[in-house]
Amino acid sequence: MPTRQAPTDLDLLMLDRAARRGLRGHGLVEPNPMVGCVGVDADGICVGEAHHRVAGGPHAERILIERHGDRLRNGTIYITLEPCTHHGRTPPCTDAIIDAGIRRVVIGCLDPNPEASGGVQLLRSEGIEVDIVDHAPSRALSAIFRHRVTTGLPWVMAKWAQTLDGRIAARTGHSTWISGERSRRLVHRQRGRVDAILTGIGTVLADDPLLTARDVRHRRIARRVVIDPDLRIPPGAALLRSLDRAPLTIACSEAAASAHEARRSELVDAGVDVLPLPTDDGSMPLVDLLIHLSGVHNCSTVLTEAGPGVLSSLAAEGLINEALVFIAPMLLGDETGIPPLHGTVSESIRDATPLRLRSVHRRDDDLLLNYGVSSPPVDSP
Ligand SMILES: NC(=O)c1ccc[n+]([C@@H]2O[C@H](COP(=O)([O-])OP(=O)(O)OC[C@H]3O[C@@H](n4cnc5c(N)ncnc54)[C@H](OP(=O)(O)O)[C@@H]3O)[C@@H](O)[C@H]2O)c1
């Protein structure tokens with residue numbers, strides 16, 4: 001489906017603006033895509049912008065048309081994602097665009113969902129000029145949705161805090177605190193926006209984390225998830241003492257689930273979702289855990305807060321989509337300190353996982369680096 005002509009600078013500017021607006025839906029719209037749009041009237045004057053605000057609520061373009069429809073006749077609408085054609089929880093957006101008498105529609109990327117796609121053809125058949133721009137920020141905005149629709153897996157964000165010399169904990173396992181207070185607040189904000197927070201038994205034993213979002217606005221309550229092959233989680237673990245605040249899944253090996261049946265029943269009776277997984281040479285395929293989180297718990301986003309055991313397993317299976325790395329202004333100076341990844345995920349530089357820098361932020365003296373891992377790489381709006 002070719003683009004009619006190269007996008008103008010104004011087209012790109014408006015799509016950038018729509019993509020920035022769409023980000024406001026993060027943590028509110030999933031499993032739907034984040035979508036933003038901007039309307040311009042027949043004289044080229046920008047009349048407003050809108051975004052998809054909540055899953056099940058009206059789509060971005062419908063909100064825009066409801067607010068500014070009278071000024072959009074013969075105008076242009078810029079949308080980060082192809083407008084839908086289907087009756088889901090809301091009526092098709094293509095109908096709203098046609099009824100509003102909009103003359104031109106500029107789209108940042110096509111809808112990967114076969115149920116909802118076809119908007120371009122439908123609008124063109126109604127005589128509306130439609131331009132599809134391959135717009136990286138629009139693709140990035142819908143990357144979580146696109147990934148889940150095309151792979152069935154949630155989007156995995158691997159977060160860790162490291163010293164400048166690349167250690168996430170001292171050799172003793174002590175890691176509190178490497179990053180500063182403002183960085184940690186950002187992590188809590190992110191915890192309040194994702195569907196699941198994943199860690200490993202190593203971190204539970206070392207840090208006894210709660211993994212809830214504290215002192216920030218919750219957009220959703222994340223399920224805590226622990227990879228604990230031998231069901232070693234202590235009965236007094238903070239994760240078990242806080243089941244009234246957020247649900248918990250524990251992934252263990254099938255062998256441990258049958259060997260420790262009483263322990264498993266205790267956990268299940270307490271309300272824990274215990275997921276036995278097959279092992280291959282002692283290792284559980286983490287893709288099965290992600291399929292479970294997506295299929296059973298409807299998770300679109302997973303934030304990983306774990307040590308090298310889990311991070312290396314995820315990296316070895318190619319399951320990390322994004323890395324959020326806090327670099328703290330300190331040098332540990334101990335080669336036996338704990339690195340973010342270990343083992344032999346890649347044997348040579350040629351095999352190393354390529355990353356793409358999406359953004360750099362400063363929080364006091366910490367740096368937050370955000371890298372995309374997915375292929376093809378995506379840019380941040
Ligand atoms: N600075 C930071 O951002 C940060 C964040 C989190 C943690 N940490 C630090 O990291 C350290 C803990 O590291 P860690 O590697 O021990 O902890 P971890 O990654 O939380 O857990 C590792 C454990 O998970 C299990 N596991 C992981 N992948 C598996 C798979 N595919 N199949 C089966 N089991 C799997 C293994 O358990 P078994 O051993 O039972 O086989 C492994 O030992 C602590 O010192 C903690 O403070 C630092």
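Order of listing sets the numbers, starting from 1, for every ligand and every atom in it.
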Assess whether side-chain contact (heavy atoms from CB on, under 4.5 Å) is satisfied between Q190 and M157, documenting all intermediate values. CA-CA 10 Å; Q190 193 66 0; M157 292 168 258; 3.3 Å; yes
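- Taking a distance limit of 4.0 Å, we find that atom 33 (C) of ligand 1 is approached by some protein heavy atom.
- Side-chain atoms of R148 and N298 include a donor-acceptor pair closer than 3.5 Å.
- Note: no N/O pair closer than 3.5 Å links E317 and ligand 1 by distance alone.
- Contact detail for R21 and A50: the closest heavy-atom pair is CG-O, 3.4 Å.
- Residue A306 has no N or O atom closer than 3.5 Å to an N or O atom of ligand 1.
- In this structure, a donor-acceptor pair under 3.5 Å is absent between the side chains of H260 and D230.
- For ligand 1, the polar-atom distance check against I178 finds no nitrogen or oxygen pair separated by under 3.5 Å.
- L267 has its side chain within reach of L240: a pair of non-hydrogen atoms, C-beta onward, lies under 4.5 Å apart.
- Where the criterion is an N or O separation shorter than 3.5 Å, residue side chain and backbone included, I338 fails it with respect to ligand 1.
- Checking only distances, T203 does come within under 3.5 Å of ligand 1, N or O to N or O.
- The nearest protein atom to atom 19 (O) of ligand 1, hydrogens excluded, is given as V310 N, 2.8 Å; this is a heavy-atom distance.
- At the top of the distance list for atom 45 (O) of ligand 1, counting protein heavy atoms only, stands G173 O, 2.8 Å.
- For ligand 1, none of its N or O atoms has an N or O atom of W160 under 3.5 Å away.
- In this structure, the protein non-hydrogen atom closest to atom 22 (C) of ligand 1 is G309 CA, 3.8 Å.
- By the 3.5 Å distance cut-off applied to N or O atoms, S175 is counted among the residues near ligand 1.
- What sits closest to atom 31 (N) of ligand 1 on the protein, heavy atoms only, is M284 O, 3.0 Å.
- With respect to the salt-bridge test (charged N to carboxylate O, under 4.0 angstrom), the residues R139 and D134 qualify.
- Looking only at protein heavy atoms, the nearest one to atom 25 (C) of ligand 1 is P229 CD, 3.9 Å.
- Here the side chains of F326 and I178 are not in contact, with every heavy-atom distance at 4.5 Å or above.
- Donor-acceptor pairing under 3.5 Å is recorded for the side chains of H52 and N32.
- The shortest N or O to N or O distance between A161 and ligand 1 is below 3.5 Å.
- In terms of protein heavy atoms, atom 39 (O) of ligand 1 is closest to R232 NH2, 3.3 Å.
- No continuous path of hydrophobic side-chain contacts links V29 to F145 [ILVMFWY only; heavy atoms under 4.5 Å].
- For the pair L311 and ligand 1, the shortest N or O to N or O distance does not fall below 3.5 Å.
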Working note: R185 + D215, criterion salt bridge (Lys or Arg N to Asp or Glu O under 4.0 Å); need CA distance, chi angles, decisive distance, verdict. CA-CA 8 Å; R185 191 174 160 75; D215 301 325; over 6 Å; no
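- Among all non-hydrogen protein atoms, the one lying nearest atom 8 (N) of ligand 1 is I168 CD1, 3.8 Å.
- Here the closest heavy-atom approach between residue I221 and residue A246 is recorded as CG2-CB, 3.8 Å.
- Using a 4.0 Å cut-off to heavy atoms of S283, the atoms of ligand 1 that qualify are 30 (C), 31 (N), 32 (N).
- Any N or O atom pair closer than 3.5 Å counts here, and G307 shares at least one such pair with ligand 1.
- The protein heavy-atom contact nearest to atom 35 (C) of ligand 1 is I227 CG2, 3.6 Å.
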